[in-house]
Amino acid sequence: MTELRVRIAPSPTGPVHVGTAYQALFDLVLAKKHGGKFVMRIEDTDQTRSRPEYEEQIFKALRWMGLDWDEGPDVGGPYGPYRQSERTEIYREHAKQLVEGGHAYPCFCTSERLDVLRKEQMQNKTKLGYDGHCRDLSAEEVAEKLAEGLDHVIRLKMPQEGTCIVKDRFRGEIALDYAQVDDQVLIKTDGFPTYHMAVVVDDHLMKISHVIRGEEWIMSMPKHLVLYEAYGWEPPEYMHLSLLLNPDGSKMSKRRNPTSVEYYRRAGYSPQALRNYLALMAYPPVGEEDMFSFEQLVEDFDPDKINLGGSIFDMEKLNWLNGRYLREDRSPGQLLEDLKGWLVNDEHFAQMLPFLQQRMETLGDFMPQVAFFFARKVDPQAEDLVPKKREAEEIPPMLQTAIWALDEVLDWQKEGIEAALRGVAEYWEWPVRDVTVPLIAALTGEKVGPPLFESAALLGQDMTRMRLIDAMNVLGGLSKKKAAKLEKGWKAKR
Ligand code: GLU
């Protein structure tokens, strides 16, 4: 039998979502169960959104969770490079083959034409998508346009009728109409591949035998299968996991719940407990017990037992499970080591001292002032969140814009944080103090605290965001409608 090979293919475009860890967990379980290999591939083909900082965060977050890979950009391996931005030649070469074989074609439509087309389709309520304008250009026409040096993309020729049968290990056969799928761009004008092109070429060249990913990709399967067919390659076996959901059944998003792995690390969760909890999102308790180890899961694993009912990520239950790990899985000595490895260590204290030294009369003043750095949550009082001369209802919208501004900070240091928050004050035309006062209360839970920008830097981006959300809720929150309106204004003014 050929070797079992699975991969995770995250895009480095933001903080690492727990959904990525959830997927990596099942990848690793499958690999371990069959003595296979787990590959890390960085899908950084979106040049405008990909950042090396986020790639670092992916490595750090998944390693913290104990979900290590056998091959990847940072560890090497026989099928590299493992970063898609370093493989563009390979995709162009493969796209060329498709064009030569009549499976793909160059498309010269301008973005203006596509905009008009889209507007018309929306107005007439007809099917959205590319209309095949360049699909049947003659060889001479193509040669002429190429000679003129016109910008173009390469599009996949999709069948225009018939049904695509998608085989999913968890779901059986899913029938999707080809007519619903338009001619997908494979290579963009900048010469970079789209996800669909790169994923198929790489899964094949990297000899991936099983693909585990979120169910949101099922709809892309016809494009992928048409590509496999065009190349004459055998597709891997697909397994689409159900998505993680908020308690109200909506897709888990950072608007309400902390979604980044880094938040859970910073808030002091145990990686074992988080892993266990994520396993329960798609797998029944092993041996009737909610609490089980990774090794037990590997031992027990059977794809037929995967449940697809939608997986509600319930913080209360995670907290309960995490508590069990601390009580039942750790000796006091181990807990002490956990605390040191987490934040109770010299390195962390040393980062606080520069700005606390001026604020102490005795050493005994240190701990009370820094307690909020270690807290899972703080408890700000409504009156501390509202600066003098401001109304309570003015604060949640301001906090929301602060969240957006801070989300954009790439290098999470004092300078970037300060610039972002000054931008917020400018946006509202408020004195900076009216922004910083509520933020200090939100982050520390107290009326006064150590310097704000330094404190936020040390708390980390994800913990900062969560505390701002909590503070908004103390003041009654912000309705979806109001948030949407605010976002328009915010985006327009920037
Ligand atoms: N880059 C895609 C993502 O970030 C990968 C999807 C896949 O696994 O095929 O989810």
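Both ligands and their constituent atoms are indexed starting at 1 by order of listing.
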Under 4.0 Å to a heavy atom of E43 - the qualifying atoms of ligand 1, by number: 1 (N), 2 (C), 5 (C)
Please could you name the atoms of ligand 1 that R213 approaches to less than 4.0 Å, counting only its heavy atoms? 7 (C), 8 (O), 9 (O)
Looking at atom 5 (C) of ligand 1, what's its closest protein heavy atom, distance included? A9 O, 3.3 Å
Answer yes or no: is there a donor N or O on one side and an acceptor on the other, between the side chain of R5 and the main chain of M206, under 3.5 Å? yes
Taking the six-membered ring for Trp, are F59 and W69 ring centroids under 6.0 Å apart? yes
Any atoms of ligand 1 less than 4.0 Å from a non-hydrogen atom of V199? List them with their elements. 9 (O)
cation_pi(R465, Y263) dist<6.0 Å, angle<=45: no
Have a look at ligand 1 and work out which part of R7, if any, has a heavy atom under 4.0 Å from it: side chain, backbone, both or neither. side chain
How far is atom 9 (O) of ligand 1 from its nearest protein heavy atom, and which residue and atom is that? Y195 OH, 2.6 Å
Taking the six-membered ring of Y238 (Phe, Tyr or Trp), confirm whether the NZ or CZ of K167 is under 6.0 Å from its centre and within 45° of its axis. no
Atom 10 (O) of ligand 1: the protein heavy-atom neighbour that sits closest, reported with distance to 0.1 Å: W217 CZ2, 3.5 Å
Could you tell me whether the side chain of S209 and the main chain of P236 form a donor-acceptor pair under 3.5 Å? no
A student checking ligand 1 against S11 at a 4.0 Å heavy-atom cut-off should list atoms 1 (N), 4 (O)
Hey, can you tell me if H152 and F108 have their rings parallel, tilted or perpendicular (30° and 60° cut-offs)? tilted
